[in-house]
Amino acid sequence: MTVAQLQKIADQLAGHEARISALEGSGAHPVASADSGSGKQKTLREIVKGRKFKNGQEQIAVIVGYHERILGTLINKGDLRLEWTNAKMTNKYSTEFVTRAKDVFIRIGSTEMCDLTQTGEDFFDEFLKNEPIKPTSQ
């Protein structure tokens, strides 16, 4: 390759970096709202309480989605078991759930950080929309 070709590639990469930074800063994927009405953010436990899941993959997707969309940080694959326990998810945690959810609902990067796939994002958005509203007093 010539120096001019290498410079052209370097310029393109710099342009891509600038666009990525602008997109990340603009909030192209706005953080989902999980306010309890009083301005407080709901915990993962509050979001999953009383909810039925078809399988463990959906539960893993909700954990990853909660961290990505509501907290605004990605979760490490190794922390999924702890979050499962803290949220008091039904069923016993199994690494098989992560294996099955991988590439369907979640992606696991080379740094072991998990994020939602497009299918996972759609599922998590529907999960939040269909959250049951229970009156506090009856």
Side-chain angles (χ1 to χ4, degrees):
M1 292 190 136
T2 67
V3 174
Q5 290 173 324
L6 290 174
Q7 185 60 42
K8 182 178 177 183
I9 291 170
D11 292 341
Q12 285 178 334
L13 287 174
H16 292 313
E17 289 287 330
R19 287 200 317 254
I20 289 171
S21 296
L23 285 173
E24 288 175 347
S26 71
H29 291 286
V31 174
S33 174
D35 291 335
S36 61
S38 63
K40 289 185 178 179
Q41 181 177 316
K42 285 189 174 183
T43 64
L44 179 57
R45 171 69 185 132
E46 292 171 326
I47 291 172
V48 301
K49 187 176 183 178
R51 300 297 299 270
K52 302 269 189 219
F53 294 93
K54 291 181 189 174
N55 50 45
Q57 295 88 291
E58 288 184 352
Q59 291 170 290
I60 294 293
V62 169
I63 293 171
V64 173
Y66 175 77
H67 279 267
E68 179 180 337
R69 291 293 200 63
I70 295 175
L71 297 181
T73 61
L74 300 181
I75 185 170
N76 189 293
K77 178 183 170 186
D79 296 332
L80 289 172
R81 177 185 298 269
L82 177 64
E83 286 298 315
W84 182 289
T85 305
N86 289 342
K88 298 182 181 177
M89 295 277 196
T90 57
N91 302 323
K92 186 177 178 183
Y93 176 84
S94 172
T95 55
E96 188 65 27
F97 297 149
V98 178
T99 304
R100 291 177 183 167
K102 185 179 177 201
D103 298 328
V104 177
F105 289 120
I106 67 169
R107 283 185 296 259
I108 302 173
S110 59
T111 60
E112 296 292 302
M113 299 305 280
C114 302
D115 69 335
L116 294 173
T117 62
Q118 185 63 50
T119 303
E121 288 178 1
D122 294 343
F123 167 77
F124 188 72
D125 290 341
E126 281 301 312
F127 180 83
L128 287 181
K129 282 182 197 172
N130 296 325
E131 188 169 354
I133 300 170
K134 295 181 183 177
T136 54
S137 63
Q138 294 181 354

Taking the side chain as everything from C-beta on, heavy atoms only, tell me whether Ile75 gets closer than 4.5 Å to Leu80.
yes

Indicate yes or no for a side-chain donor-acceptor contact from Asp122 to the backbone of Asp125 under 3.5 Å, with no hydrogens or angles considered.
no

Scanning both residues in full, the closest heavy-atom pair of Ala61 with Ile106 reads CA-CG2, 4.3 Å

If you round to the nearest 0.5 Å, how far is CD of Glu121 from CD of Glu68?
5.5 Å

Nearest-0.5 Å distance that lies between atom CD in Gln7 and atom CD in Gln12:
11.0 Å

Roughly how far, to the nearest 0.5 Å, is the CD1 atom of Ile60 from the CE atom of Met89?
7.5 Å

Between Cys114 and Ile108, what is the shortest heavy-atom contact and its length?
SG-CG1, 3.8 Å

Can you name the side chain to side chain contact (heavy atoms under 4.5 Å, CB included) partners of Leu44, sequence neighbours left out?
Val48, Val62, Ile63, Tyr66, Glu83, Ala87

Give me the atom names and distance for the closest heavy-atom approach of Arg81 to Thr95.
NH2-CG2, 4.3 Å

Is any side-chain heavy atom of Phe105 closer than 4.5 Å to one of Val64?
no

Gln57 side, atom CD; Thr99 side, atom OG1 - distance, nearest 0.5 Å:
9.5 Å

I'd like to check Leu128 versus Ile47 (side-chain heavy atoms, cut-off strictly below 4.5 Å). Are they in contact?
yes

For Thr43 and Glu46, work out which heavy atoms get closest and say how close.
N-OE1, 2.8 Å

Do the side chains of Ile9 and Val3 join up, straight or via other hydrophobic residues, at under 4.5 Å, putting them in one cluster?
no

Side chain of Gln59, backbone of Thr90: donor and acceptor closer than 3.5 Å?
yes

Val104 vs Phe123 side-chain heavy atoms within contact, under 4.5 Å
no

Looking only at heavy atoms, what is the nearest atom pair of Leu116 and Arg107, with distance?
O-NH2, 3.1 Å

Taking the six-membered ring of Phe127 as reference, does the NZ or CZ atom of Arg51 fall below 6.0 Å from its centre and within a 45° cone about the axis?
yes

Under 4.5 Å side-chain linkage, directly or through intermediates, the cluster mates of Met113
Leu74

Within a strict 4.5 Å, meaning less than it, do heavy atoms of the Glu58 and Asn55 side chains meet?
yes

Write out all pairs satisfying ring-ring contact (aromatic ring centres under 6.0 Å, His included) with one or both partners inside residues 76-96, taking only residues at least two apart or from two chains.
Trp84-Tyr93, Trp84-Phe97

